Amino acid sequence: MAEKITPRNQDYSRWYTDLILQAQLADYSPVRGCMVLRPYGFALWENLKNALDRRFKATGHENAYFPLFIPMSFIQKEAQHVEGFSPELAVVTHGGGKELEEPLVVRPTSETIIGEMYSQWIQSYRDLPVLINQWGNVVRWELRTRPFLRTMEFLWQEGHTAHATHEEAEAETRQMLEVYADCAINEAAIPVIPGRKSESEKFAGADTSYSIEAMMGDRRALQSATSHSLGQNFAKAFDIKYLDRNNELQYCWTTSWGLSWRMVGAIIMVHGDDQGLVLPPRLAPIQVVAVPIYKTDEERGGVMGAIEKVEAALGESVRLKVDDRDEYSPGWKFNEWELRGVPLRIEVGPRDVAKEQVVLARRNRPGREGKTFVPLSGLASAVTDALTVIQNEMLQTAIEFRDANTYHPTDYESFKEAVSKGFALTWWCGEIACEDKVKEETKATTRCIPFDQPGGTGECIVCSGVAEEVAIFARAY
RNA sequence: CGGGAUGUAGCGCAGUUCGGUUAGCGCGCACGGUUCGGGUCCGUGAGGCCGCCGGUUCAAAUCCGGCCAUCCCGACCA
């Protein structure tokens, strides 16, 4: 753990992997492109998962589980879908020592097998809507991988719903994007921009795709979650039909929406600094770490007594860890817990015991600035207040960073400069040709067409044609 | 799949040019002591198919051939 973290301005991507490995979120595995999620990383993912799951339940969804294996023929039923996913499928051709009659695909996503089941479960308008979510893993044969951001196997959730009308499906799609945005902003302290994907960027098989887009610490964009309005594409491919009130057979309208452990990567890159992780209090596996400081046995007794009072005062209200390891010095522990991103540290030394106080040190304000003295008597509320303050400050800092690096270019030259150093929010005519030109010349792509639009029309930044909407262009992960 | 690089202790590396006793160093690990309000210091010790297979040689981490793996840069991507 004594290794140094590569500074961000020296090599951002090494900084990123240094943090993941040294903070023990994850490790590389013997399998190329697959990572091991270590307990600390899993705890972070679990907290995110619980925060999302609460919201899913609150909006009427239930969890279920569908098979890992999907018959090859299922994938081929929806034309766009097969075209989009074929290059990255893992396929099982043998089982039990025999060649399979039909190869099985390891799911890259589950629209097809869930669609197949929905076609059996749905008969009547009375069966609708069907609102199911699945927590699981999927596999996509990626050529270049990075921990959390792009791994061959990843953990995620995928919601799949079926509705009687287009309007209802569209409302569901938008609602779930809102859920993601709310979770990103209020749990992960990541400001995200919700919007619509361009035609070229949308999900294989969707009518319309929506996403939330976030700016990372290197000013590149990360698509943090997506929600798709699938129209009747999958309903027609899988024969998902119902009888309406007039006894007429109708195809369902379906949706799907997903968020993966990629969000953990976003948390790292949005909040982390050169000392290590900075985790938002609401999701941090350890919210508060208490570090005792002493020299003699006598001091130890007094300090540990005070630590017990800290534990009693905080009770179950926060996720507290007491670092009573004897083999490390306090300074060593400070550095380690800062590396691991614990939002709030409590220091208790002999001087504090004498004054019946403790030191609170806030992770998001390094050094002396983030340290305050708090009397033991009012500790519980001081700690919960501090956690709230940290959560809010982290979001505020991230908003300011994003806004400071978002440009509104009005000519192509300044546009090119803008996407080389941040987000460009500007008029776009909607033509793929313009997107392609931008991509070729700058490596930037349209991230989304934000819901928040200025109105009116403008000149497309690329071709100067009439544009009715503004889009975010950026280099993306 | 194209271009570049690297495989030596758990991790990071030196040694390979020009073959030669017992393969080193730092960190980490174990033990003892010392220290403890911002990564203490000292001592002792454990730990190695030198990526794999083959060849040359009295002798290979070192030379030759093949293979494998990983990383970086490009084309595709939650």
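Predicted, not measured: the structure shown is a model, and the values here were computed from it. Excluded from the calculations below are hydrogen atoms, water molecules and symmetry mates; all remaining heavy atoms, backbone and side chain alike, are included. Just so we're on the same page: letters track the sequence lines, and every chain starts at 1.
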>> Base, sugar-phosphate or nothing for Pro108(A)? Non-hydrogen atoms, less than 4.0 Å.
In response: nothing
>> Only pairs with both distances under 3.5 Å count, Watson-Crick or wobble alike; so what is the partner of rG24(B) in this structure?
In response: rC13(B)
> What nucleic acid atoms does Gly258(A) come within less than 4.0 Å of, heavy atoms only: base, sugar-phosphate, or nothing?
Replying inline: nothing
> Expressed in angstrom and rounded to an integer, what is the separation of Phe334(A) atom CZ from rG39(B) atom C1'?
Replying inline: 11 Å
> If you look at every strand shown and take non-hydrogen atoms under 4.0 Å, does Tyr477(A) touch a base, only sugar-phosphate, or nothing?
Replying inline: nothing
> On a whole-Å scale, what distance lies between the P atoms belonging to rC73(B) and rG33(B)?
Replying inline: 49 Å
> For Trp15(A), is the NZ or CZ atom of Arg8(A) found under 6.0 angstrom from the centre of its six-membered ring and inside 45 degrees of the ring axis?
Replying inline: yes
> Just checking, Arg196(A) and Phe451(A): is the charged tip under 6.0 Å from the six-membered ring centre and within 45° of the axis?
Replying inline: no
> Do side-chain atoms of Thr17(A) reach the backbone of Arg14(A) as a donor and acceptor pair under 3.5 angstrom?
Replying inline: yes
> Whole Å only: how far is the CD1 atom of Ile346(A) from the P atom of rG38(B)?
Replying inline: 18 Å
> Expressed as a whole number of Å, how far does the P atom of rC52(B) sit from that of rA60(B)?
Replying inline: 15 Å
> Nearest of rG38(B), rG37(B), rA78(B) to any side-chain atom of Asp352(A)?
Replying inline: rG37(B)
>> Taking the minimum atom-to-atom distance to the side chain of Leu143(A), which one of rC76(B), rA78(B), rG38(B) wins?
In response: rC76(B)
>> If you assign each of Val353(A) and Gly84(A) to its closest nucleotide in RNA chain B, which residue comes earlier from the 5' end?
In response: Val353(A)
> Of Trp156(A), Tyr210(A), Phe56(A), which is the lone residue that meets ring pair (Phe, Tyr, Trp, His ring centres under 6.0 Å) with Trp257(A)?
Replying inline: Phe56(A)
> Which whole-number value in Å describes the distance from His81(A) NE2 to rA78(B) P?
Replying inline: 13 Å
> Between rC68(B) and rC49(B), how far is it from one C1' atom to the other, in whole Å?
Replying inline: 16 Å
> Is the backbone of Arg447(A) close enough, under 3.5 Å, to the side chain of Thr445(A) for a donor and an acceptor to pair up by distance?
Replying inline: no
> With His81(A), which residues qualify under ring-ring contact (aromatic ring centres under 6.0 Å, His included), at least two apart?
Replying inline: Phe85(A), Phe203(A), Phe234(A)
>> Under the criterion ring-ring contact (aromatic ring centres under 6.0 Å, His included), I'd like the reasoning laid out for Phe238(A) against Tyr118(A): C-alpha separation, chi angles, the key distance, then a yes or no.
In response: CA-CA 8 Å; Phe238(A) 287 89; Tyr118(A) 282 6; over 10 Å; no
> To the nearest angstrom, how far is Tyr328(A) atom OH from rG38(B) atom P?
Replying inline: 19 Å
> With both distances under 3.5 angstrom, what nucleotide forms a Watson-Crick or G-U wobble pair with rG2(B)?
Replying inline: rC73(B)
> RNA chain B: Arg368(A) or Phe154(A), which has the more 5' nearest nucleotide?
Replying inline: Arg368(A)
>> Tell me the interatomic distance from Ile5(A), atom CD1, to rC11(B), atom P, rounded to whole angstroms.
In response: 20 Å
> Contact class for Ser260(A) vs. all strands (heavy atom < 4.0 Å): base, sugar-phosphate, or nothing?
Replying inline: base
Quick one: which protein N/O atoms are closer than 3.5 Å to N/O atoms of nucleotides 71-73 of chain B? Pair and distance per line, please.
residue: rC73(B); atom: OP2; partner: Arg144(A); partner atom: NH1; Å: 3.3
residue: rC73(B); atom: OP2; partner: Arg144(A); partner atom: NH2; Å: 2.0

> Rounded to the nearest Å, what distance is computed from the CD atom of residue Gln357(A) to the P atom of nucleotide rG37(B)?
Replying inline: 17 Å
> Given the P atoms of rU16(B) and rC63(B), what is the spacing between them in whole Å?
Replying inline: 9 Å
> Between rA23(B) and rA14(B), how far is it from one C1' atom to the other, in whole Å?
Replying inline: 11 Å
>> At 4.0 Å (heavy atoms only), tell me whether Thr151(A) reaches a base, stays on the sugar-phosphate, or touches nothing.
In response: base
> Which nucleotide in the list rG37(B), rG38(B), rC76(B) gets nearest to the side chain of Val359(A)?
Replying inline: rG37(B)
Show the distances under 3.5 angstrom between N or O atoms of the protein and N or O atoms of nucleotides 40-47 of chain B.
residue: rU40(B); atom: OP2; partner: Ser329(A); partner atom: OG; Å: 2.4

> Taking the side chain of Glu336(A) as its heavy atoms from C-beta onward, which of rC76(B), rG39(B), rG37(B) lies nearest to it?
Replying inline: rG39(B)
> With both distances under 3.5 Å as the test, what is the Watson-Crick or G-U wobble partner of rG54(B)?
Replying inline: rC64(B)
>> Is a donor from one side chain sitting under 3.5 angstrom from an acceptor on the other, for His61(A) and Gln157(A)?
In response: no
> Which value, in whole Å, describes the distance between the P atoms of nucleotides rG28(B) and rC11(B)?
Replying inline: 16 Å
>> Checking Tyr16(A) against Asp11(A): is there a side-chain donor and acceptor pair closer than 3.5 Å?
In response: no
>> Counting the atoms with a prime plus P, OP1 and OP2 as sugar-phosphate, which does Glu142(A) contact under 4.0 Å by heavy atoms, base, sugar-phosphate, or nothing?
In response: base
> What integer distance in Å separates Glu347(A):CD from rG37(B):C1'?
Replying inline: 7 Å
> If we take the P atom in both rU8(B) and rA46(B), what is their distance in whole Å?
Replying inline: 23 Å
>> Against the six-membered ring of Phe334(A), is Arg345(A) placed for a cation-pi contact (under 6.0 Å from the centre, within 45° of the normal)?
In response: yes
> Can you check the Leu149(A) CG to rA78(B) C1' distance for me, whole Å?
Replying inline: 10 Å
> Can you check whether Phe473(A) and Phe415(A) have ring centres sitting under 6.0 Å from each other?
Replying inline: yes
> What is the pairing partner of rC29(B), taking Watson-Crick or G-U wobble pairs with both distances under 3.5 Å in any strand?
Replying inline: rG45(B)
> Taking atom P in both rG19(B) and rA30(B), what distance in whole Å separates the two?
Replying inline: 42 Å
> Can you find a side-chain donor-acceptor pair between Ser227(A) and Thr173(A) that sits under 3.5 Å?
Replying inline: no
